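Quick caveat: nothing in here was measured; it's all calculated off a predicted structure. Below, chains carry the letters A, B, ... as their sequence lines are ordered, and counting in each starts from 1.
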Number of protein chains: 2
Amino acid sequence: MATSIRDVAKAAGVSVATVSKVLNGYTTVNEQTKEKVLKYVKELQFRPNLAARSLVGRRSMTIGIFLTTGLVHPFFTRILAGMEQALQARGYDLIYLARMSLGKEISLVQHCQSRNVEGVVVFGFQHENADFGELIESGLPAVFIDLDICEGRAGYITSDNREAMERAVAYLADLRHCRLAYIGGIKDSYADLHRLAGFQTGLARAGISYREEYRIAGDFTREAGYLAMQRLLALPEPPTAVLCCSDMSAIGAIEAIREAGLSVPEDISVLGFDDIELAEYIQPALTTIRQDMTTIGRRAVELLDELIVDEKLAPPEVIVPTELVVRQSCGPAKV
Amino acid sequence: MATSIRDVAKAAGVSVATVSKVLNGYTTVNEQTKEKVLKYVKELQFRPNLAARSLVGRRSMTIGIFLTTGLVHPFFTRILAGMEQALQARGYDLIYLARMSLGKEISLVQHCQSRNVEGVVVFGFQHENADFGELIESGLPAVFIDLDICEGRAGYITSDNREAMERAVAYLADLRHCRLAYIGGIKDSYADLHRLAGFQTGLARAGISYREEYRIAGDFTREAGYLAMQRLLALPEPPTAVLCCSDMSAIGAIEAIREAGLSVPEDISVLGFDDIELAEYIQPALTTIRQDMTTIGRRAVELLDELIVDEKLAPPEVIVPTELVVRQSCGPAKV
DNA sequence: ATGAAAGCGCTAACAC
DNA sequence: GTGTTAGCGCTTTCAT
């Protein structure tokens with residue numbers, strides 16, 4: 001049996017209540033008693049049982065993480081690395097509820113309840129199966145990454161998709177492109193909508209008119225990028241520059257361009273989104289928009305903590321700036 | 001307040017003991033009472049509080065994960081994806097103890113105890129700071145990935161590094177290479193030792209003698225690969241093929257070769273290890289040894305489960321086969 | 001077959 | 001300033 005608070009009390013010759021008070025930083029305890037207790041806590045290597053603690057109504061210091069996409073999200077590691085910083089700073093542990101799945105028999109929310117999880121960060125693409133209704137209604141504090149859910153005790157954090165696309169369009173316009181296409185993500189998903197809006201206002205600012213045939217919906221994958229690019233190439237007047245909703249789509253698009261006997265960036269410029277590790281290594285190295293997933297991860301936990309601690313805090317809506325990283329996949333428009 | 005077992009008991013008109021028995025699959029309960037209880041469990045959406053459960057000595061169904069490397073391990077995602085399968089199948093949740101750090105003030109082991117964690121899987125490179133002594137002594141079930149620790153209640157799982165290298169050498173020998181170099185990982189680390197052994201027996205089988213100057217120690221990084229290759233290139237008689245301990249090192253080696261005005265695989269063949277996502281995308285696409293990290297992750301959890309369940313089980317030592325994936329970075333030796 | 005009651009480790013009134 | 005005690009939600013003897 002692990003050492004319990006009673007062992008410490010016995011060793012120090014005080015009551016369990018006193019030990020508890022010392023442990024919880026009550027000031028109503030004599031300095032010397034406190035020293036003595038602390039001495040035995042150390043000596044016996046005592047650590048309070050968190051299950052018992054949370055059972056009596058105290059905090060569990062546990063937050064959950066949920067991915068709508070399974071574990072294959074390209075940013076998972078970066079987001080987690082960011083989360084870790086805040087987790088450590090605020091004293092939480094992170095639990096991955098393997099059995100949980102939104103809308104399934106054993107629901108996320110119920111599972112969180114039975115585990116005394118104080119809040120969750122959820123991310124992943126929009127997903128037909130993802131039913132967040134129960135989560136919202138339950139009042140469990142939640143921070144969504146890349147989904148603009150702001151309701152009850154759920155807020156969100158996301159990259160500045162709109163501004164990112166505006167800037168990307170401006171960059172390409174400076175390179176004298178005027179036939180710009182957009183290979184989108186899942187149609188009408190949050191990210192896609194905002195990026196499209198940024199694309200359009202960017203176009204307007206550059207004095208270029210938006211053409212519906214230059215917008216193809218996709219789903220962030222390489223295959224979708226490949227297919228979308230083929231359609232673009234088949235147009236009577238193909239674009240000279242293509243903005244993709246993800247680096248993987250950009251990679252697919254580049255393949256399609258190559259297969260058509262064209263080259264990047266000489267014939268067509270390709271711009272990605274995300275700046276995944278790959279972006280730097282492919283040929284040509286991908287010019288792309290870097291999402292600061294480390295910051296997003298860290299802030300997500302911080303926001304969640306604030307939401308947990310302050311019951312009446314309005315749910316956060318946070319937008320994180322992006323960065324255009326110029327490599328070799330975009331060049332001046334052919335004249 | 002969430003619904004408790006008492007609410008169910010009250011609703012069903014039975015005692016809490018009976019509800020508990022139903023929930024825990026006791027057979028000593030009348031079929032009709034059981035039905036009734038189950039009906040209310042469902043109706044009230046009751047889920048037993050896991051903290052309370054583990055407090056009365058039952059299992060917490062929680063396993064921990066610990067990385068000696070922080071979150072930047074290239075396999076993290078794949079291992080986790082594998083783990084997830086087993087986690088779901090066996091009913092565990094995974095907790096990432098953010099505050100834990102081996103050898104620090106709040107130790108991994110103590111933290112696990114206070115969280116009632118039943119076992120841990122640990123992975124990452126060998127690390128000077130990594131002191132596993134306390135973990136081993138504590139008797140907490142543990143499965144190490146890529147570290148051959150087998151003692152007490154700790155076992156391990158790893159790729160078949162030795163066989164992988166033997167095969168790689170045989171492959172290169174078939175391509176008529178006879179000046180083979182090995183850019184190693186952290187010197188004398190588990191993986192490195194076994195790979196070196198495989199390298200040497202592979203050489204012996206092919207009738208090639210091992211040359212000490214063809215072995216350079218590294219640390220799995222791109223930089224190390226780059227530096228090591230420069231040293232190899234400076235040799236009076238440089239190798240015609242290089243086996244690297246990681247894909248990242250292979251990428252670094254290729255850079256060094258290019259900078260020397262040579263090309264891969266025409267002048268020098270380069271073989272990687274791991275098969276990270278990048279391997280497929282770089283130029284030339286990397287011929288490499290694929291580690292089956294998904295299987296390793298899944299099996300790690302399964303082994304851990306068995307260790308947890310059976311107190312006197314001998315700690316496992318599991319070797320997982322690898323696969324040579326042939327792409328474009330290796331070619332026939334120049335004559 | 002069912003229920004009453006003890007107790008897991010801890011915290012929080014409430015006495016003293 | 002310190003100790004006694006009830007009780008968090010659950011499982012498990014032990015009666016009945």
Grab the [atom1]-[atom2] distance between [X] and [N] for me, whole Å please.
X: A:E35; N: D:dT2; atom1: CD; atom2: P; value: 12 Å
X: B:I5; N: D:dC8; atom1: CD1; atom2: C1'; value: 14 Å
X: B:L55; N: D:dT12; atom1: CG; atom2: P; value: 13 Å
X: A:F46; N: C:dT11; atom1: CZ; atom2: C1'; value: 12 Å
X: B:R59; N: C:dC8; atom1: CZ; atom2: C1'; value: 18 Å
X: B:D7; N: D:dC8; atom1: CG; atom2: P; value: 11 Å
X: B:L23; N: D:dT12; atom1: CG; atom2: C1'; value: 14 Å
X: A:K36; N: D:dG3; atom1: NZ; atom2: C1'; value: 13 Å

Okay, side chain of A:S60, backbone of A:S54: is any donor-acceptor separation there less than 3.5 Å?
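Between the backbone of A:S54 and the side chain of A:S60 there is no qualifying donor-acceptor contact (under 3.5 Å).
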Output yes when at least one side-chain N/O atom of [X] is less than 4.0 Å from OP1 or OP2 of [N], else no.
X: A:T33; N: D:dT2; result: yes
X: A:S4; N: C:dG9; result: no
X: A:Y26; N: C:dA12; result: yes
X: A:R58; N: C:dA12; result: yes
X: B:N49; N: D:dC10; result: no
X: B:R53; N: D:dG9; result: no
X: B:R6; N: D:dC8; result: yes
X: A:S20; N: C:dC10; result: no

Could you walk me through whether B:F123 and B:D146 pass side chain to side chain contact (heavy atoms under 4.5 Å, CB included), step by step?
CA-CA 7 Å; B:F123 75 97; B:D146 266 359; 5.8 Å; no
Indicate, with a heavy-atom threshold strictly under 4.0 Å, whether B:S54 touches base, sugar-phosphate, or nothing.
nothing
Take B:I65 and B:Y96 through the test side chain to side chain contact (heavy atoms under 4.5 Å, CB included) and record every step on the way to the result.
CA-CA 5 Å; B:I65 183 164; B:Y96 177 70; 3.8 Å; yes
Can you find a heavy atom in the side chain of B:R53 that is under 4.5 Å from one in the side chain of B:N24?
yes
Starting at the 5' end of DNA chain C and moving along, which residue's nearest nucleotide shows up first, B:K34 or B:G57?
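Its nearest nucleotide lies further toward 5', so the answer is B:K34.
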If you assign A:V56 and B:K21 each to the DNA chain C nucleotide with the nearest heavy atom, which residue ends up on the more 5' nucleotide?
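On the 5' side of the pair lies B:K21.
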Between A:E35 and A:K39, does any NZ, NE, NH1 or NH2 come within less than 4.0 Å of an OD or OE carboxylate oxygen?
no
If you assign A:V29 and A:V16 each to the DNA chain D nucleotide with the nearest heavy atom, which residue ends up on the more 5' nucleotide?
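Residue closer to the 5' terminus by nearest nucleotide: A:V29.
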